[in-house]
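Worksheet: the structure to be examined is printed underneath.
By convention in this document, chain letters (A, B, ...) are assigned in the order of the sequence lines, proteins followed by strands, and residues within each chain are numbered from 1.
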Amino acid sequence: MSNLDDSKSLADLVSQNKKSKVRKVILSDSDDDLPLAMINTQASETSLSSEDEKAKQVKKRTKKESGGLPNKKAKTAVSKTEPKTKVKKETTKTAVKAVKAIKATKATKATKPTVKAAKHIQKIKDESKEQTAEPKDTSEEKEEEEENRWWEDEDMNGEIKWDSLVHNGVIFPPPYEPLPSNVKLIYDGKPVTLPIEAEEVAGFFGAMLETDHAKNPVFQKNFFHDFLKVLEEAGGCKDADIKDFDLCDFSDMYAYFEKKREEKKSISPAEKKLIKKEKDEAEEKFKTCYLNGRKEPVGNFRIEPPGLFRGRGAHPKTGKLKKRVMPEEIVLNLSADAPVPPPPEGRNWAEVRHDNKVAWLAMWRENISNSVKYVRFGNSSSLKGISDFKKFEKARELKNHVAAIRADYNKKLKSELMLERQMAVATYLIDVFALRAGGEKSDEEADTVGCCSLRFEHVFLKPPNVVVFDFLGKDSIRFYQEVEVDKQVFKNLKIFKKPPKQPGHDLFDRLDPSILNKHFQNYMPGLTAKVFRTYNASKTMQDQLDLIPNEGTVNEKVVRFNAANREVAILCNHQRTVSKNHETGVAKMNDKIKEMIWQRIRAKKMLLKLDAKLKKKDPAYFQEIDDLSKEDEGALQKQFLERETERITKKFAKDNEKLKLENEAVLPESELKERLEKVKELQKEFSKELSSGKPEVKANMTVEKLQALIEKLNVRITNATLQLKDKEDNSSVALGTSKMNYIDPRLTVMFSKKYDVPIEKLFTKTLREKFKWAIESADANWRF
DNA sequence: TCCACGACTTAGGACGCTTGAT
DNA sequence: ATCAAGCGTCCTAAGTCGTGGA
């Protein structure tokens with residue numbers, strides 16, 4: 001919540017009449033079992049505060065709580081101390097055991113990284129001196145051999161991230177290419193020439209003209225503001241005094257960029273391949289780096305190009321100009337004795353750093369929110385792998401504590417301390433509904449929330465115990481759930497919403513993620529809110545996989561795996577926007593299914609024409625014939641004929657285009673007419689069929705042939721129906737995020753091995769690389 | 001002591017390419 | 001062979017969380 005809103009609403013709240021009412025309400029409202037002690041604390045806090053203090057009240061509450069109740073606090077702290085240390089010892093032991101167990105399964109090898117690294121740097125230096133940076137075949141093979149199999153023997157503790165780091169720096173986006181002189185911004189009806197710096201910015205907008213962004217007023221405003229600034233700094237526009245966005249016409253620019261896009265798309269595949277190959281070769285040396293002497297992938301080695309900031313949701317800064325990043329703004333991080341990659345000709349790096357406690361190769365500060373962007377290791381790098389492994393091990397460790405944690409928060413739902421109750425409810429929500437921690441956000445960002453930042457208006461209570469959550473979470477993705485909750489949770493939420501709370505106020509006014517996480521440390525070292533998401537996601541996956549019978553085809557098993565994956569994605573609220581053509585796609589599939597059913601009915605009619613006795617034998621089989629009304633049949637016929645006409649016309653147009661391209665004579669219109677004759681014949685046949693109710697049967701048709709046809713249609717109909725259901729179910733759920741970040745990959749590997757499904761069906765190439773450690777260390781019996 | 005900020009993970013959309021239906 | 005649908009990858013925004021410096 002923004003401070004501004006907060007103080008405003010709190011100030012409102014203080015207006016005299018309200019204040020006394022508020023107090024009365026609190027004191028008289030005793031329909032729940034709220035202990036008196038708590039009521040008093042709450043009431044006195046409210047009435048004691050002066051107006052000025054009120055504005056700061058929310059922030060200070062935590063302090064008051066600890067200061068005001070020293071005894072209770074101390075007591076809790078003491079009682080926690082003993083189990084805490086015990087827990088710590090135990091978990092460290094398990095973690096070590098886990099690592100050792102993995103180590104034990106594989107033979108160890110590898111020379112000491114430091115020694116190897118030193119040697120390697122020397123080698124690199126020699127190579128760069130000789131200017132033959134390309135590694136020879138033999139050395140490349142050797143690198144392959146020396147790939148870091150950290151999961152077998154690496155010591156993964158300690159804060160040092162690397163002993164040596166050698167890399168080639170970053171790739172800068174190409175410089176701005178000015179527009180051709182006939183492509184101009186039209187201002188107030190006249191083409192105007194812009195200084196090149198301003199033209200670039202205008203072009204950013206022009207290229208996006210048809211996107212939703214460009215139609216967003218905030219985006220327009222921010223863009224135009226920054227555009228005018230650039231324009232002014234570049235000396236202004238000599239042809240016009242540009243100051244009104246509505247007088248700007250970017251359509252020429254848009255058309256130009258569209259044309260370029262088309263051109264790019266239409267180059268031949270062979271040429272495309274060649275271009276790609278050349279690009280790959282030029283970028284080759286940036287794609288990898290040497291970490292402790294071993295070749296490792298670099299992730300985003302390309303510096304982000306300038307453009308207009310595409311903030312998500314209602315981002316107040318969306319549309320602002322993202323400036324071009326200069327070498328002078330870039331800090332490199334590598335070994336002290338590693339060669340420094342040369343900056344672009346005549347330019348300099350901001351700084352060259354040698355910090356081995358961090359896992360980034362370069363960084364710069366972006367100008368939208370003044371935060372830092374990093375060039376980091378690739379997802380399949382050892383460092384990323386190690387932290388992934390640690391993440392999942394931590395989540396697995398939670399298994400051993402979750403029962404105690406749940407017991408504890410269930411108990412504390414009735415605590416006499418407001419803080420404890422809030423923590424208990426928050427923990428419940430994080431555990432049960434997989435909410436994120438929910439840190440405070442400034443009003444320079446989109447208004448999104450997580451658990452701790454939930455506000456009054458995000459939670460609706462429907463007695464006796466139904467809660468409707470409706471808020472925007474990360475990436476402004478809507479979280480909407482109508483759920484039954486624990487009775488005590490419901491009561492507590494009601495208390496948290498009690499006046500003087502009103503829309504705009506924090507539900508958990510005593511909490512923020514750091515308080516909550518500090519509390520979590522008492523249960524288990526390293527436990528934070530996000531661990532619950534990982535734990536519950538992987539636990540859900542394990543449970544879902546346990547339900548899958550080991551039978552059927554590989555594809556059937558994959559479908560079931562994806563269904564399990566989908567459960568996890570739903571738990572985590574991972575959504576994707578329903579694609580623009582989803583609706584039409586579904587309608588098309590429905591039409592197709594209806595049409596296939598119609599074809600089946602026709603076949604069955606033909607069957608009866610050949611042998612009328614069949615109906616007596618199996619009336620149910622022929623039932624659907626009577627289910628189809630004449631109107632429906634007519635509609636289907638029409639639909640079918642229209643589609644045929646369209647198909648033929650399109651084909652004709654296409655054929656002609658091809659002929660034109662090859663400089664050959666175009667087919668005459670009469671040809672099209674001739675081709676469409678078929679449709680006309682069909683139409684005649686259909687109308688006859690419609691009135692008689694009986695289709696014509698071709699002379700060579702037999703009962704067997706028709707039955708085979710019907711069987712084929714049956715299969716196609718079932719498949720299409722299943723496919724449609726899958727499409728509907730999946731239309732707004734994104735499976736990838738949970739597969740990539742939440743589901744312990746060893747579960748997927750276990751499934752692959754136990755159910756004999758090739759891992760390629762479950763992990764894409766990149767995921768196989770990212771999760772190599774899991775693929776090589778989990779077996780068919782592995783459990784989360 | 002605290003909170004702004006640095007460093008890291010998690011996230012959905014854009015876009016090009018593959019694939020599978022016809 | 002064709003072509004759209006959907007998949008995979010890239011891109012970078014948007015979270016979480018711990019800590020270093022005022």
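Atom NZ of Lys287(A) is surrounded by more than 12 heavy atoms from other residues, nucleotides or ligands within 6.0 Å.
Taken from CG in Leu334(A) to CG in Leu291(A), the straight-line distance is 12.0 Å, to the nearest 0.5 Å.
Taking atom CH2 on Trp364(A) and atom C1' on dA13(C), their separation rounds to 12 Å, with Å as the unit. In this structure, the NZ atom of Lys474(A) is 4 Å from the C1' atom of dG15(C), given to the nearest Å. Atom CZ in Phe479(A) sits about 16 Å away from atom C1' in dA11(B), given to the nearest Å. Rounded to an integer number of Å, the gap from Lys394(A) NZ to dC8(B) P is 16 Å. If you take NZ of Lys441(A) and C1' of dA14(C), they are 7 Å apart, rounded to a whole angstrom. Atom C1' of nucleotide dA11(B) and atom CG of Leu571(A) are separated by 16 Å, given to the nearest angstrom. If you measure from atom CG of Asp447(A) to atom C1' of dG15(C), you get 15 Å, rounded to the nearest angstrom. Rounded to whole angstrom, the span from the CE atom of Met740(A) across to the C1' atom of dT9(B) amounts to 10 Å.
Here Asp744(A) does not pair with Lys391(A) in a salt bridge; the nearest charged N to carboxylate O distance is not below 4.0 Å. With respect to Glu283(A) and Arg302(A), a salt bridge is recorded, a charged nitrogen being found less than 4.0 Å from a carboxylate O. Residues Glu444(A) and Lys317(A) are paired through a salt bridge, judged by an N-O separation under 4.0 Å between the basic side chain and the carboxylate. Using a cutoff of 4.0 Å between basic side-chain nitrogens and carboxylate oxygens, Glu258(A) and Arg261(A) are scored as salt-bridged. Of the charged side-chain nitrogens involved, none lies within less than 4.0 Å of a carboxylate oxygen, so that Lys384(A) and Asp388(A) do not count as a salt-bridged pair. Of the charged side-chain nitrogens involved, none lies within less than 4.0 Å of a carboxylate oxygen, so that Arg324(A) and Glu329(A) do not count as a salt-bridged pair.
A donor-acceptor pair is defined here as one N or O able to donate and one able to accept, closer than 3.5 Å; such a pair exists between the side chain of Thr540(A) and the backbone of Asn536(A).
The residue among Ser387(A) and Ile477(A) whose nearest nucleotide of DNA chain B is located toward the 5' end is Ser387(A). Nearer to the 5' terminus of DNA chain B, by closest-nucleotide assignment, is the contact made by Asp388(A) (compared with the other of Thr577(A) and Asp388(A)).
Heavy atoms of Lys518(A) sit nowhere under 4.0 angstrom from any nucleic acid atom. The residue Glu445(A) sits apart from the nucleic acid: no heavy atom pair falls under 4.0 Å. Within 4.0 Å of Gly736(A), counting heavy atoms only, lies no atom of the nucleic acid at all. Residue Ser514(A) is out of contact with every strand shown, counting any heavy-atom pair closer than 4.0 Å. Nucleic acid contact for Lys273(A): none, since no nucleic acid atom lies under 4.0 Å from a heavy atom of the residue.
Qualifying ring pair (Phe, Tyr, Trp, His ring centres under 6.0 Å) partners for Phe223(A), counting only residues two or more places apart in sequence or in other chains: Phe205(A), Phe227(A), Phe250(A).
Val372(A) has its side chain out of reach of Trp360(A): every pair of non-hydrogen atoms, C-beta onward, lies at least 4.5 Å apart.
Counting only residues at least two apart or on different chains, the side chain to side chain donor-acceptor pair (under 3.5 Å) pairs with a member in residues 524-533 of chain A are Arg533(A)-Tyr742(A).
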Restricting both atoms to N or O, compile the protein contacts to nucleotides 6-12 of chain C shorter than 3.5 Å, with distance only.
| residue | atom | partner | partner atom | Å |
| --- | --- | --- | --- | --- |
| dG6(C) | OP1 | Lys727(A) | NZ | 3.3 |
| dG6(C) | OP2 | Lys727(A) | NZ | 3.1 |
| dT9(C) | OP2 | Thr764(A) | OG1 | 2.9 |
| dT9(C) | OP2 | Thr766(A) | OG1 | 2.3 |
| dC11(C) | OP1 | Arg302(A) | NE | 3.2 |

Give every pair of a protein N or O atom and an N or O atom of nucleotides 4-7 of chain B that lie under 3.5 Å apart, one pair per line with the distance.
| residue | atom | partner | partner atom | Å |
| --- | --- | --- | --- | --- |
| dG6(B) | OP1 | Arg365(A) | NH2 | 2.8 |
| dG6(B) | OP2 | Arg365(A) | NH1 | 3.3 |
| dG6(B) | OP2 | Arg365(A) | NH2 | 3.2 |
| dA7(B) | OP2 | Tyr374(A) | OH | 2.7 |
| dA7(B) | O5' | Tyr374(A) | OH | 3.2 |

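At dA13(C), none of the side-chain N or O atoms of His315(A) fall inside 4.0 Å of OP1 or OP2 (strictly under the cut-off).
Between Phe532(A) and Phe520(A), the two ring planes are tilted [angle within 30° to 60°].
You'll find the ring centres of His315(A) and Phe309(A) inside the 6.0 Å limit. Between Tyr480(A) and Phe469(A), a ring centre-to-centre spacing not shorter than 6.0 Å is recorded.
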Report summary line: Nucleotide by nucleotide, nucleotides 15-22 of chain B touches protein heavy atoms under 4.0 Å in the pattern (B base, S sugar-phosphate only, - none) --S----S
**Report entry** Summary of protein contacts for nucleotides 16-22 of chain C, nucleotide by nucleotide, where a base hit scores B, a sugar-phosphate-only hit scores S (4.0 Å, heavy atoms)
**Finding:** SSS----
